[in-house]
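A, B, ... follow the sequence lines: proteins, then strands. Residue 1 opens every chain.
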Amino acid sequence: MSDAPTAAQPTDFIREMIRADVAAGKHGGKVVTRFPPEPNGYLHIGHAKAICIDFGVAKEFGGRCHLRMDDTNPTTESMEYVEAIKRDVRWLGFDWGEHLYFASDYFERFYELAEKLIMKGRAYVCDLPEEVFSKEYRGTITEPGKESPYRSRSVEENLELFRQMRAGKFKDGEKVLRAKIDMASPNMKMRDPPLMRIKHAHHYRTGDKWCIYPLYDFAHCLEDSFEGVTHSLCTLEFESARELYDWVIQATEVPHVPKQTEFARLNLTYTVMSKRKLQKLVEGKHVSGWDDPRMPTLAGLRRRGYTPESIRELIARTGVAKNISTVDVALLEHIVREDLDRRSPRVMAVLRPLELVVESWPEGEIEELDAPYWPAGTEPGEDVKLRGSRKLPFSRVLYIERDDFAEQPPKGWKRLAPGRKVRLRHGYVVTCAGVEKDASGQIVRVRATHDPATRGGATPAGEKVDGTIHWVSAARAVDVEVRLYDRLFLVENPGEGDKDFLEELNPASLTVLTAKAEPSLAAAKPGDRFQLERTGFFIVDEDSKDGAVVLNRTVALKDSWQKVVAKSEGAPSSRDVSSKREKEKKEKGREAEKKPEPAATELSPEAARLRDAHGLPPETARILAQEPVLLDLFSAALDAPNGKDLAKPIATLLANDLLGEIRARKLEKVPFGGAAVAELAGLAKAETISTAQTKIVLAEMLATGKAPKAIVDEKGLAQIASADALAPIVEQVLAENADAVGRYRAGNKNVFGALVGMVMKKSGGRANPKVIKELLEKKLG
RNA sequence: UGGGGGAUCGUCUAAUGGCAGGACGACGGAUUCUGGCUCCGUCUAUCUAGGUUCGAAUCCUAGUCCCCCAGCCA
């Protein structure tokens with residue numbers, strides 16, 4: 001993390017794409033990204049993912065990343081949020097340099113481009129009220145919409161009306177500027193989407209200068225273009241907006257063309273991430289504010305004691321992909337413990353005190369013991385201030401944790417109990433001599449005697465203790481407020497199904513205690529971090545005042561004893577339950593899938609004819625019959641000299657290898673004829689080339705239209721089938737991969753394929769796999 | 001349902017026709033002046049069904065399930 005060397009450079013589909021773009025010299029090899037929040041709320045850990053990706057890739061490719069406030073909606077935004085966003089991005093560890101931008105600075109340019117669209121006849125002023133357009137004109141996902149009666153207004157009229165819109169002649173919603181695209185588009189976003197709307201509202205930056213404001217789909221792509229953004233990275237829900245993004249760029253004829261790419265947003269278990277839900281938590285006073293330490297906001301996480309390094313590490317470890325996923329918060333907790341372990345000096349505090357009287361210790365005597373801040377073997381990070389050790393007062397009356405004493409200890413108990421001997425950490429070994437109870441039977445005091453030979457907690461050779469517990473001197477303890485934070489919700493996915501997420505709040509997400517702490521803690525300042533031994537990692541809260549320290553628990557220590565206790569109580573953890581449920585659901589789904597018997601699909605007459613005439617597998621026949629391009633090629637190929645004998649390989653070649661290409665590129669014809677296909681099939685049949693090579697040749701044919709034989713000669717693809725030629729390569733591979741050979745001999749038969757592959761690679765893909773196999777089998781016995 | 005995306009251990013993710021790998025987690029053990037840290041071991045996966053191939057998570061076909069889009073929010 002902070003000073004640990006980062007593991008391998010992260011790689012993912014976005015970085016791969018950018019690497020390819022740079023290699024191809026797109027945008028002169030430059031990379032410009034942007035992080036574009038709307039300043040209408042606080043950033044949360046989901047935004048952190050976008051920030052890490054946007055700033056991270058820019059840095060990795062030697063480019064730059066802009067921080068841009070996407071402030072096109074005057075009614076929701078404010079300067080307070082702008083400042084909060086800047087603070088949080090900086091805290092996370094990123095720097096935008098001079099590149100801070102505001103969409104609101106581009107309002108005039110948006111307006112000019114809107115007029116341009118009107119003049120090109122690609123936008124119009126529409127008078128339809130919102131609900132009318134939505135109900136009567138937009139259509140539905142299955143039915144096309146119909147055109148607005150205002151769609152055919154003249155350029156002059158549109159221009160005049162649009163200027164009046166700007167001049168404030170109309171009320172909110174009375175008119176809107178629409179793109180003139182296609183009311184029948186299968187993509188709802190393309191059905192004449194609104195570009196500029198009327199809003200008589202004060203904007204926090206432009207004041208009352210404007211009463212028309214651009215909408216996201218019009219503004220965002222242009223902002224990217226204006227700023228020279230090359231890669232506009234956003235989350236998955238904008239996938240269907242990409243077509244419109246490209247339309248606006250093309251229609252406005254802006255010189256710079258950015259490209260949008262989408263990735264999956266970050267979700268975490270046991271929390272909510274949507275702005276709407278977070279707002280409800282704040283407004284409903286379920287939390288103390290946007291920076292409540294239980295909130296997934298960056299401000300909340302910071303106050304909770306999470307480090308920016310730990311958050312960046314979470315993003316790095318969870319990766320970038322397009323799968324919609326929910327990361328287990330246990331991973332974040334693991335990462336922050338790992339990080340805090342090196343940042344947090346160890347001190348002691350007793351959260352739920354129980355008096356322990358050391359009867360063998362003289363009344364009134366206090367001894368200062370030396371206690372190291374760091375356990376042996378733990379290397380503190382560079383930026384920690386507290387090193388070495390501090391003094392710990394030992395006295396006759398101490399406090400220990402109530403949980404560390406049991407009158408009737410359960411099996412496996414490693415703490416104090418009558419007659420048991422434990423080490424008081426850095427203190428003395430004590431033996432429990434008895435308990436005192438009040439009238440109600442409550443334990444109020446534990447009595448013990450100490451062993452003077454164990455000063456500092458040392459145990460003479462051979463001596464065993466039942467365990468080690470933490471403690472503080474009652475005479476010298478300082479009171480500190482301890483805020484124990486736990487997960488905000490009881491369930492992994494709050495609000496899942498039709499549940500109300502507020503009913504799934506964890507009532508015990510905050511416990512406030514007055515703890516007894518060792519005296520050194522009195523000097524703690526806000527931001528200081530500690531590990532309270534055997535309890536958890538804590539940070540000193542900003543609410544602390546002189547003499548009144550407040551500690552927030554960032555994360556508890558792992559507690560394997562608690563797990564034992566929970567298990568003996570027989571309560572399955574919620575995780576077990578939910579994963580079990582998942583599994584059942586999955587199995588059910590599979591059963592349901594299996595039920596319908598594979599109905600023998602009826603072949604069309606044409607497909608049946610192909611199957612019968614050439615002995616084709618039904619599936620292949622069906623594909624040929626329904627794809628005219630393939631069918632033409634097939635019949636032409638049959639007319640080639642050896643075509644009739646190759647009917648089946650030709651058919652599979654077409655249906656299996658060519659079909660995908662045709663569909664992917666939406667080709668209506670290919671640059672070669674049936675004879676070429678027959679020739680290719682012939683080459684494969686004669687084992688002049690291998691099946692894998694067939695695909696390479698086919699791709700080349702598609703690209704250049706050259707004849708198969710010519711391509712094989714030109715690229716030197718002809719197969720090597722001679723054992724004499726291949727034997728040395730096989731020998732070499734075996735010699736270089738002794739470990740793989742070992743695994744094969746040990747029983748991992750899959751290694752065989754890998755060895756074939758290695759020989760293949762060494763031969764430039766030209767070796768005949770059947771011959772390789774024979775050679776390998778002979779060698780490996 | 002039209003369009004656009006996605007499906008790999010319980011979770012997240014890798015493998016770009018050639019040994020299904022890593023991390024978290026769970027379980028067991030070693031070590032320990034924190035039931036922490038550290039170390040060792042074990043567990044668990046390619047949505048289904050066909051096809052192509054010497055070889056398929058990856059290519060082809062058909063299906064299943066999940067997500068997004070019908071704000072004048074972003």
Side-chain angles (χ1 to χ4, degrees), chain A residues 36 38 40 70 72-73 76 130 133-134 138-143 172-173 176 185-189 191 194 196-199 215-216 220 236-237 239-243 262 264 269 317-319 321-328 330-331 334-335 337 341 346 375-378 412 414-415 423 425-426 457-459 465 467-470 531 533-535 557-562 564 575-576 578-580 582-583 586 589-590 592-594 596 598 601 617 619-620 622-623 652 655-657 659-660 690-692 695 740 743-744 748 750-758 760-761 769-770 772-773:
Chain A
E38 184 189 10
N40 70 345
D70 208 0
T72 55
N73 184 356
T76 55
E130 191 181 352
F133 184 84
S134 157
R138 195 174 352 241
T140 67
I141 50 177
T142 46
E143 303 153 33
D172 287 10
V176 71
S185 171
N187 181 353
M188 296 298 284
K189 273 259 176 317
R191 319 244 264 228
M196 300 274 284
R197 83 294 213 177
I198 301 170
K199 233 174 200 196
L215 283 136
Y216 173 87
H220 200 95
L236 247 29
E237 67 269 27
E239 275 171 330
S240 49
R242 189 174 60 228
E243 193 180 354
E262 311 86 12
T269 55
R317 284 206 215 179
T318 51
K322 299 191 83 155
N323 305 340
I324 293 168
S325 60
T326 305
V327 173
D328 192 340
L331 176 60
H334 167 85
I335 290 170
R337 280 189 197 106
D341 192 55
R346 276 44 168 188
T378 300
K414 291 165 71 172
R415 308 174 184 187
R423 174 174 25 245
R425 185 146 162 91
H426 305 308
T459 35
V465 294
T468 301
I469 62 175
H470 60 277
Q531 183 197 105
E533 293 215 49
R534 303 210 306 132
T535 301
L557 254 34
K558 276 216 268 186
D559 190 347
S560 51
W561 172 246
Q562 196 46 243
V564 174
R575 184 188 315 281
D576 293 341
S578 71
S579 63
K580 206 168 163 188
E582 282 296 312
K583 209 162 199 171
K586 219 171 177 175
R590 280 180 193 172
E593 268 173 28
K594 277 176 196 161
T601 31
E619 198 49 39
T620 310
R622 200 178 57 75
I623 294 166
T652 28
N656 216 316
D657 298 325
L659 180 58
S690 69
T691 45
K695 292 176 190 187
R743 276 199 300 282
Y744 174 75
N748 185 351
N750 289 342
V751 177
F752 193 84
L755 290 170
V756 175
M758 283 183 248
M760 260 315 198
K761 199 172 251 173
K770 284 179 197 159
I772 302 177
K773 280 193 150 172

Test salt bridge (Lys or Arg N to Asp or Glu O under 4.0 Å) applied to A/E533 - qualifying residues, sequence neighbours left out: A/R425
Flag, side chain of A/D328 to backbone of A/T269, donor-acceptor distance under 3.5 Å: no
Touch class at under 4.0 angstrom, heavy-atom based, for A/K414 against every strand present: base
Pairwise side-chain contact, A/R423 with A/I469, heavy-atom cut-off 4.5 Å (strictly under): no
Whole-Å C1' distance, B/U8 and B/U13: 9 Å
Side-chain donor/acceptor of A/R415 to base of B/G35, under 3.5 Å: yes
Value in whole Å for how far the P atom of B/G5 lies from CZ of A/R242: 6 Å
Touch class at under 4.0 angstrom, heavy-atom based, for A/G319 against every strand present: nothing
Polar side-chain atom of A/D559 near backbone of A/Q562 as donor-acceptor pair, under 3.5 Å: yes
Nucleotide pairing, RNA chain B (Watson-Crick or G-U, distances under 3.5 Å), in dot-bracket with [ ] and |: .((((((..((((....[..))))((((((.......))))))...(((((..]....))))))))))).....
d(CD1, A/I324; C1', B/U11) in whole Å: 16 Å
Distance, C1' atom - from B/G6 to B/U46, rounded to whole angstrom: 15 Å
Side chain proximity check, A/K189 to A/E239, heavy atoms < 4.5 angstrom: no
Chi class for B/G36: syn within 90° of 0, otherwise anti: anti
Comparing A/R423 and A/P617 on RNA chain B - which has the more 5′ nearest nucleotide: A/R423
Polar side-chain atom of A/S185 near backbone of A/N187 as donor-acceptor pair, under 3.5 Å: yes
d(CG, A/D657; P, B/A56) in whole Å: 15 Å
P atoms of B/C59 and B/C72, separation to the nearest Å: 38 Å
Touch class at under 4.0 angstrom, heavy-atom based, for A/G377 against every strand present: nothing
Side-chain heavy-atom pair A/K414, A/W561 within 4.5 angstrom cut-off: no
Check: A/R191 side chain, A/R138 main-chain N or O, donor-acceptor pair, under 3.5 Å: yes
Touch class at under 4.0 angstrom, heavy-atom based, for A/A264 against every strand present: nothing
Sugar-phosphate, base or nothing in reach of A/M760, heavy atoms under 4.0 Å: base
Side chain to side chain contact (heavy atoms under 4.5 Å, CB included) between A/N73 and A/N40, intermediate numbers included: CA-CA 9 Å; A/N73 184 356; A/N40 70 345; over 6 Å; no
Which atoms of nucleotides 22-24 of chain B (N or O only) lie under 3.5 Å from a protein N or O atom, and what are those distances?
from  : atom 1 : to     : atom 2 : distance (Å)
B/A23 : O2'    : A/R317 : NH1    : 3.4

Distance-only donor-acceptor test, A/D559 side-chain atoms vs B/G35 base atoms, 3.5 Å: no
Distance, C1' atom - from B/U48 to B/C66, rounded to whole angstrom: 15 Å
Salt bridge (Lys or Arg N to Asp or Glu O under 4.0 Å) partners for A/E243, two or more places apart: none
Short side-chain N/O contact to B/G36 OP1/OP2 from A/R337, under 4.0 Å: no
Heavy-atom check, side chain of A/L659 versus side chain of A/I623, under 4.5 Å: yes
Sugar-phosphate, base or nothing in reach of A/K558, heavy atoms under 4.0 Å: sugar-phosphate
Between P of B/G36 and CD of A/Q531, the distance in whole Å: 11 Å
Base versus backbone protein contacts along nucleotides 69-74 of chain B [heavy-atom cut-off under 4.0 Å; B, S, -]: SSSBSB
Nucleotide nearest A/E239 (side chain, heavy atoms from C-beta), chosen from B/U61, B/U52, B/G5: B/G5
Protein-nucleotide distance (A/M758, atom CE; B/A15, atom P), rounded to Å: 18 Å
Within-4.5 Å side-chain heavy-atom neighbours: A/T535 and A/H470: yes
Length of the line joining A/K695:NZ and B/A56:C1', which is rounded to integer Å: 9 Å
Integer angstrom distance from the P of B/A56 to that of B/C27: 37 Å
Distance between P atoms of B/U44 and B/U1 (Å, rounded): 38 Å
Non-neighbouring partners of A/E237 that pass salt bridge (Lys or Arg N to Asp or Glu O under 4.0 Å), sequence neighbours left out: A/R265
Interatomic distance, A/I623 CD1 vs B/G51 P [rounded to whole Å]: 13 Å
Inter-nucleotide P distance (B/C54, B/A62), Å rounded: 24 Å
Sugar-phosphate only, base, or nothing, as touched by A/T326 at under 4.0 Å among non-hydrogen atoms: sugar-phosphate
Nearest-Å distance once atom P is located in both B/G35 and B/U42: 28 Å
Heavy-atom check, side chain of A/M760 versus side chain of A/P769, under 4.5 Å: yes
First encountered from the 5' end of RNA chain B, between A/W561 and A/T318: A/T318
Distance test, side-chain N/O of A/N748 to OP1/OP2 of B/C19, below 4.0 Å: no
A/T142 side-chain proximity, nearest of B/G25, B/G18, B/U1: B/U1
Separation of B/G3 P from A/E143 CD (nearest whole Å): 14 Å
Sugar-phosphate, base or nothing in reach of A/N656, heavy atoms under 4.0 Å: base
Donor-acceptor under 3.5 Å (A/R197 side chain, A/V176 main chain): no
Sugar-phosphate, base or nothing in reach of A/E262, heavy atoms under 4.0 Å: nothing
Among B/G55, B/U13, B/C19, the nucleotide that comes nearest once only the side chain of A/S325 is considered: B/U13
Sugar-phosphate only, base, or nothing, as touched by A/R346 at under 4.0 Å among non-hydrogen atoms: base
Touch class at under 4.0 angstrom, heavy-atom based, for A/S560 against every strand present: sugar-phosphate
